[in-house]
Amino acid sequence: MKHTQSGVVLLEALLATLILAIGLLGAIGLQARAYSALSDAGMRGEAVIASERLLGTMSNDQANLAEYALAANAAPSARLAVWHQATLAALPGATIVITLTPTLDLSRTEVRVTISWTRKAGAALNTHRVIAYVALS
């Protein structure tokens, strides 16, 4: 007497579907993390470009360096306003702090640019800091 197995193919198909679904969910999660990392990198790139552009401007306007200082959430000076507005457009909600400290021998000025932002509400604070020296000519 032969015993036949019924439903084995259906069971194999269900297991294959389950394994495929788990794999697809993993791929979707990986894609979401990659998009998040790309967005973070883009915003960090904007902060780098903004700080380098500011330092270049300050190097060419050494006579007015004091006007580039900026406290957190303070209104920027007229010389800084265009750069400040462009930076906030690239990094919405960013906090920008610029401090200027003359060195002891007064031959150069230390410039600290700190740009902080959050990519989305509830996310960790990202900060880009640059310390540069503007040599007085």
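The chain is numbered in sequence order, starting from 1. Because only heavy atoms are used, hydrogens play no part in the values below, and waters and symmetry mates are left out as well, while side chains stay in.
The nearest pair of heavy atoms linking Val130 to Ser51 is CG2-OG, 3.6 Å. Minimum heavy-atom separation, Trp117 to Met43: NE1-CB, 3.5 Å. Contact between Ile115 and Ala47 at its shortest, heavy atoms only, is CD1-O, 3.8 Å. Scanning both residues, Thr57 and Tyr68, for their nearest heavy atoms gives CG2-OH, 3.6 Å. When all heavy atoms of Pro76 and Ala81 are compared, the pair lying nearest together is CG-CA, 4.1 Å. Here the shortest heavy-atom pairing between Arg108 and Ala135 reads CB-CA, 3.7 Å.
The distance from atom CG of Leu88 to atom CD of Gln85, rounded to the nearest 0.5 Å, is 8.5 Å. Taking CG of Leu70 as the reference point, atom CG of Leu54 lies at 9.5 Å (rounded to 0.5 Å).
A salt bridge links Glu110 to Arg112: one of the charged nitrogens lies within less than 4.0 Å of a carboxylate oxygen.
At least one side-chain heavy atom of Asn64 sits less than 4.5 Å from a side-chain heavy atom of Arg79.
Among the candidates Thr127, Thr95, Asn126, the single residue satisfying the side chain to side chain donor-acceptor pair (under 3.5 Å) test with Ser116 is Thr127.
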task: Report the C-alpha separation of Leu20 and Thr17 in whole Å, then their side-chain angles, then the decisive distance to 0.1 Å, and conclude whether the side chain to side chain contact (heavy atoms under 4.5 Å, CB included) test is met.
output: CA-CA 5 Å; Leu20 178 65; Thr17 304; 5.6 Å; no
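Partners of Arg119 by salt bridge (charged side-chain N to carboxylate O under 4.0 Å, His left out), not counting sequence neighbours, listed by chain and number: Asp40.
Under a hydrophobic-cluster definition in which Ile, Leu, Val, Met, Phe, Trp and Tyr are linked whenever side-chain heavy atoms come within less than 4.5 Å, directly or via other members, Val82 and Ile49 are assigned to different clusters.
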